[in-house]
Amino acid sequence: MTEKITNKERMKIPRQVMPEQNPAERRNNFNEVNLGFTEELAKMEALRCIQCPKPTCIEGCPVGVKIGEFIALVAEGDFLGAADKMKEDNLLPAICGRVCPQEEQCEIKCVVGKKNEPVAIGRLERFVADFERETIGIRTPNLKPKTRKKVAIVGSGPSGLSCAGDLIQMGHDVTVFEALHELGGVLIYGIPEFRLPKAIVKAEIDSLKNLGVEFVTNAVIGFTDTIDELMQKGISSPPAGKAGSTSLTQGGYDAVFIAVGAGLPYFLNVPGENLNGVYSSNEFLTRVNLMKAYRFPEFDTPVFNCKDKNVAVFGGGNTAMDAVRTSKRLGAKNAYIIYRRSDIEMPARAEEIHHAKEEGIEFILLSNPVEFIGDEKGWLNSVKLLKMELGEPDSSGRRRPVPIQGSEYELPIDMAVIAIGNGSNPIIQKTTPGLDFNKWGNILVDEATMKTSKPGVFAGGDIVTGGATVILAMGAGRKAAKAINEYLNRPSV
Amino acid sequence: MAYFMRYLIKKKLVMYKILSAKFIAPDIKHFSIEAPKIASKRKAGQFVIVRINDFGERIPLTIADSNTERGTIDLIVQGIGKTTKELNTLGAEDYILDVVGPLGKPSHIENFGTAVSIGGGVGTAIAYPTAVALKDAGNHTISIIGGRTREHVILEDEMKIVCDEVYVTTDDGSYGMHGFVTDQLKELIKERKIDFVLAIGPIPMMKAVADVTRDREIQTVVSLNPIMVDGTGMCGGCRATVDDKTVFVCVDGPEFDAHKVDFETLMRRNRTYLDFEKRALQEHECKLEKQQLQNTG
């Protein structure tokens with residue numbers, strides 16, 4: 001550092017504001033909302049970090065990024081050095097910098113935040129990753145010597161990708177299997193372009209390809225190959241590409257990591273839910289994000305025409321915010337979030353709620369849908385809502401919504417999106433003997449090692465925990481990578 | 001040359017080659033597609049999801065047959081919407097970008113006794129593999145093939161090889177019995193005991209079959225054809241109402257008890273994107289006409 005700066009002076013610097021697209025403009029386009037720090041803003045923000053001798057922020061990070069060290073490098077203007085430091089623990093920083101709930105993880109533990117606003121760790125992470133990618137391209141770290149051990153990863157979402165990144169660095173051969181035609185899982189089909197540009201996901205996946213990770217698309221593990229077939233001995237695998245296009249069985253893997261995500265949308269189970277115009281958030285977002293329905297007819301996949309229509313999204317999580325903001329961008333006249341609790345209980349990130357409100361999304365809180373009503377042709381016309389009030393805390397610690405008798409009313413809507421979470425996809429469960437599940441269909445694992453009941457098979461992410469966040473899934477992927485490495489290096493092998 | 005070889009190898013790994021393609025009826029084309037792994041894995045009743053190119057939609061197509069030695073799967077496609085019509089312009093040596101599968105639950109096959117396999121229009125292609133499996137399981141297997149006219153009757157020869165008896169009906173009486181598949185089914189029911197019916201075709205046909213067999217308590221199965229996106233249970237777009245409960249056809253089906261299916265809801269949901277489909281088709285046909293004009297002009 002060129003000049004000495006005291007902690008007192010550091011504490012006086014206000015938290016830097018990240019530039020973003022103006023709400024009136026952005027609600028008509030799919031470009032990224034947040035524009036990221038400039039070099040000056042990043043350096044200024046980095047100076048706010050007081051470099052605690054015993055930093056608590058790292059405890060909040062599921063993947064243990066050396067936060068203080070990388071921020072010190074940013075303050076010095078060594079942005080590439082900062083990128084290297086960050087990538088020691090996180091190979092997907094441009095993604096994490098955008099979608100991690102930092103305010104509940106690292107930033108909530110920030111010592112500066114006790115008196116002032118916490119250091120904007122997430123925005124700095126994003127800045128550093130973007131700087132490297134946009135200036136010299138993503139550099140690949142050094143790999144350990146090849147072990148000749150092979151690991152199959154099922155699912156190319158956040159958990160699978162972070163596990164792949166760690167295992168390849170440890171010297172193992174890694175193949176990632178993806179059911180869809182594109183890589184990235186929820187990062188591609190779920191999270192919209194305006195929050196996480198797909199080019200950034202592709203760039204970070206490409207960096208894993210450059211490290212030697214192989215990817216196979218169109219592979220629905222359970223059907224195309226079973227877990228047992230992946231672990232069959234004496235079979236060599238075909239090179240990366242698309243499943244089914246060659247006759248070879250994908251086999252001979254020494255360990256398998258199952259990271260297929262939750263992947264079976266919940267519905268409300270109220271009358272009228274199968275009317276035309278009622279979607280799961282997965283379907284609505286997949287049509288728009290993965291299949292690019294917002295560019296119909298250039299792309300063949302259609303989606304409900306939201307233009308000048310009334311759209312209601314049911315749920316209070318990040319996915320609900322993604323869906324409602326997407327409908328606004330597709331031209332919805334009125335776009336509502338309908339949530340049965342109050343805003344305090346909403347699981348979405350504060351930033352997403354704030355952005356949604358800025359874009360003109362209306363929040364109808366303490367309201368529960370009891371019936372969807374259609375017209376004579378079976379198209380959605382309205383929803384019957386029941387007003388709620390908050391009662392005693394329930395098992396999740398949040399106050400339980402209790403219906404107010406006789407408070408039913410009808411709200412005219414043309415499209416509904418159900419964004420209340422996902423159950424467990426049954427495909428792996430039905431095709432994998434010897435793998436233990438709980439009664440909700442989540443895979444049972446040893447929490448320290450992500451080991452399942454089946455030897456050599458590990459699991460992590462939403463298929464274990466139920467619907468959670470990108471970074472928790474990444475944390476599970478890294479924990480599994482460590483355990484898989486130990487398993488592969490065990491003395492008996 | 002080395003570059004060309006690498007290109008070919010890459011193409012083989014990243015695309016699915018059409019080995020043969022021929023029209024078997026107006027607008028109905030029979031494809032053999034190189035997909036060795038799917039060919040070796042698939043069972044009767046299962047389907048694949050196909051995406052033709054980078055701009056394409058994902059559509060489900062039931063696997064009509066496979067040849068494990070050649071490493072091919074057979075798809076029989078009726079050109080109705082933009083994607084199926086575009087698919088039907090492809091021929092041997094062309095490539096399809098994505099073929100995923102096999103998906104869905106295989107047909108439930110057992111020796112029921114006397115089994116009738118009914119196919120209406122292109123539905124006969126979907127009924128065919130299950131008819132083969134029913135015969136293999138020891139059933140006295142009867143096939144009823146329905147078509148609008150004589151030229152819309154498909155797979156009659158193939159069915160004759162597999163089944164003990166084959167009956168044909170046409171709506172206009174140009175071939176076989178003049179009438180619907182249900183008329184033939186009623187005849188059969190009158191003269192003997194039928195233990196199992198499989199019906200695959202247009203929704204009104206499947207509904208009509210279900211209505212014939214319901215009171216007579218003949219176990220009847222239909223294969224549903226809702227709109228799908230991923231085909232693995234992730235999107236819920238293919239949900240249907242069966243026995244008053246919501247099911248996901250892609251993972252819970254595609255075959256269900258015909259007497260419990262809510263056909264009205266299925267038919268209605270399949271019309272969700274009708275306006276879009278018309279527009280896509282119009283633009284596609286305009287494009288084709290322009291190309292033809294350029295070629296001839």
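Predicted model only: the values in this text are computed from it and were never measured. Letters A, B, ... are given to chains in the order of the sequence lines, protein chains preceding strands, and every chain is numbered from 1.
- For a residue to count as touching a neighbouring chain, one of its non-hydrogen atoms must lie under 4.5 Å from one of that chain's; by this rule B:R269 touches chain A with backbone and side chain alike.
- The distance from the CD1 atom of A:I188 to the NZ atom of A:K198 is 5.5 Å, given to the nearest 0.5 Å.
- Taking A:N274, A:L275, A:T301 one by one and counting their heavy-atom pairs under 4.5 Å with chain B, the maximum is reached by A:N274.
- Using the six-membered ring where Trp is involved, B:F276 and A:F296 have ring planes that are perpendicular, over 60° apart on the 30 and 60° scheme.
- No side-chain donor-acceptor contact under 3.5 Å links A:Y189 to the backbone of A:L180.
- Residue-environment remark: NZ (A:K292) exceeds the threshold of 12 foreign heavy atoms within 6.0 Å.
- Within the 4.5 angstrom heavy-atom criterion, only side-chain atoms of B:T265, from C-beta onward, approach chain A.
- For B:R268 and A:N276, the side-chain atoms include at least one donor-acceptor pair closer than 3.5 Å.
- For a residue to count as touching a neighbouring chain, one of its non-hydrogen atoms must lie under 4.5 Å from one of that chain's; by this rule B:D275 does not touch chain A.
- Enclosure of atom NZ in B:K43 is not indicated, since only 12 or fewer non-hydrogen atoms of other residues, nucleotides or ligands lie within 6.0 angstrom.
- Annotation: residues 262-269 of chain A contacts chain B through A:G263, A:L264, A:P265, A:F267 [non-hydrogen atoms, separation under 4.5 Å].
- No option in A:V216, A:L183, A:N218 other than A:L183 meets the side chain to side chain contact (heavy atoms under 4.5 Å, CB included) test with A:E178.
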